[in-house]
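See below for the structure under consideration.
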Amino acid sequence: MNIILFGPPAAGKGTQAKRLVSERGFVQLSTGDMLRAARSAGTELGERVAAIMDSGQLVSDAIVIELIEDQLDTHTDAAGFIFDGFPRTVPQAEALDATLAKRDQEIDCVIRLKVDEAQLLQRVTKRYEEQGREDDNPETFVKRIEAYNAQTAPLLPIYAERKRLYEVDGMGSIDSVAKEIDEALEMKSGGEKPGFFAKLFGKK
Ligand code: AMP
């Protein structure tokens, strides 16, 4: 099963993805983590993307699509993939569909963590203090939210139209968010039961 964890920065996608990895054996593909790893390793790619990341903008589609394709080729035996922070633009979503189709796969489920943007700022300020990620500073974080709303949120109606979108309240505790995600995945793997479409995010 291929799942996209969807939501603005700091919505808790990474936390939930890691849990799904340890509980279900899925492979997490976080483009943000991959780019940060490239920077830490001091690669040419890392150097190329550093300033863009620190400014809160998105790196080019071609870069992240290549990173994802490399990973899909590496983990050919995966039980499923959790896409975390990817796709973030319409061209990325189209490239993902195309590359999965080549492998006879598709996106089965898009889980949107719905969050209150004002409260996110508090979450991120805490993360900034604890982890010191440059792009978590409040000014840059606002730019990241703007990028999300302008370039990433337009994907929601596309996945809704394809009946792939589930909404989860992302402001609850880690456990309650996890429970809602599990329920969505059970519905998905158990087939479309009565009431199923009530859970789907049919309209933007
Ligand atoms: P994240 O940790 O997912 O919030 O990503 C951190 C930063 O990496 C973002 O603000 C972007 O600069 C860059 N980035 C991560 N994923 C993508 C993506 N799918 N498309 C473009 N830029 C990305």
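All ligand and atom numbering here is 1-based and tracks the order in the structure. Please read all numbers here as calculations on a predicted model, not as lab measurements.
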>> Applying side chain to side chain contact (heavy atoms under 4.5 Å, CB included), can you list everything that pairs with Ala78, at least two apart in sequence or on another chain?
In response: Val27, His75, Phe81

> Are Asp97 and Arg162 close enough, and set up right, to give a salt bridge (charged side-chain N to carboxylate O under 4.0 Å, His left out), and what steps lead you there?
Replying inline: CA-CA 12 Å; Asp97 284 341; Arg162 284 161 54 178; 3.0 Å; yes

>> Going by salt bridge (Lys or Arg N to Asp or Glu O under 4.0 Å), name the residues that satisfy it together with Glu106, two or more places apart in sequence or in a different chain.
In response: Arg164

>> Under 4.5 Å side-chain heavy-atom separation, chaining through any Ile, Leu, Val, Met, Phe, Trp or Tyr, what else clusters with Phe141? Say none if it is isolated.
In response: Val115, Leu120, Leu121, Val124, Ile145, Met171

Extract all N/O-N/O pairs under 3.5 Å that connect ligand 1 to the protein, and present each with both atom names and the distance rounded to 0.1 Å.
from, atom 1, to, atom 2, distance (Å)
ligand 1, 2 (O), Arg36, NH1, 2.9
ligand 1, 2 (O), Arg36, NH2, 3.0
ligand 1, 2 (O), Arg133, NH2, 3.2
ligand 1, 3 (O), Arg88, NH1, 2.9
ligand 1, 3 (O), Arg88, NH2, 3.3
ligand 1, 4 (O), Arg88, NH2, 3.0
ligand 1, 4 (O), Arg144, NH2, 3.0
ligand 1, 12 (O), Gln57, O, 2.5
ligand 1, 16 (N), Thr31, OG1, 2.8
ligand 1, 16 (N), Arg88, NH1, 3.1
ligand 1, 19 (N), Thr31, OG1, 3.4
ligand 1, 19 (N), Gly85, O, 2.9
ligand 1, 19 (N), Gln92, OE1, 3.0
ligand 1, 20 (N), Gln92, NE2, 2.9
ligand 1, 22 (N), Val59, N, 3.1

> Any salt bridge between Asp136 and Arg127, counting N to O under 4.0 Å?
Replying inline: yes

> Should Ile181 and Ile3 count as side-chain neighbours, where that means a heavy-atom distance under 4.5 Å?
Replying inline: no

